[in-house]
Amino acid sequence: MTDPDKPCPHENFDAFVEINRLTTVEDGPVTGYSADIRVTCHDCHEPFRWTGLEAGLSQARPMCSVDETILVAPLRPASADPDFGLGLPGYAVRIREAGR
């Protein structure tokens, strides 16, 4: 039985992965893929946050959601050229201190 006065030890996890097909125009050909990955504690349902990543979307590098709970990782088929998907637009969210 779990003691409600002690913090969860986070011993069991759930991972949720969603694969996205990226296009440059709606209903256009697939020009890239990305994986959205979320992790939560199975026992207390607390979401985990990704660290060390910028928030945004890029086909050149992994990024995360603004709340850091979703890893957005670019993917390409093993048979695709190494530059597959790199021409897709992306964005980054950066924190700027007031007065700067």
Checklist outcome for this item: Here the gap from Asn20 atom CG to Asp36 atom CG, rounded to the nearest 0.5 Å, amounts to 4.5 Å

Checklist outcome for this item: Heavy-atom closest pair (Ala60 atom, Ser58 atom, distance to 0.1 Å) is N-OG, 3.0 Å

Checklist entry - Between the side chain of Trp50 and the main-chain N/O of Ile37, is any donor-acceptor distance below 3.5 Å? => result yes

Checklist entry - Within a reach of under 6.0 Å around NE2 of His10, are more than 12 heavy atoms found that belong to other residues, nucleotides or ligands? => result yes

Item to check | For Ala55 against Val66, the heavy-atom pair lying closest together | outcome: CB-CA, 3.9 Å

Checklist entry - Could you give the distance from CZ (Phe13) to CG (Asp43), rounded to the nearest 0.5 Å? => result 9.0 Å

Checklist entry - To the nearest 0.5 Å, what is the distance between OG (Ser34) and CG (Leu75)? => result 7.0 Å

Checklist outcome for this item: Separation between CZ (Arg76) and CD (Gln59), nearest 0.5 Å, reads 11.0 Å

Checklist entry - Which residues pass the side-chain contact (heavy atoms from CB on, under 4.5 Å) test with Asp67, sequence neighbours left out? => result Arg49, Ser65, Thr69

Checklist entry - For Pro29 and Thr23, which heavy atoms make the closest approach, and how far apart are they? => result O-CG2, 3.3 Å

Item to check | Separation of Leu22 CG from Leu57 CG (nearest 0.5 Å) | outcome: 6.5 Å

Checklist outcome for this item: Value for CG (Leu53) from CE (Met63), rounded to nearest 0.5 Å, stands at 8.0 Å

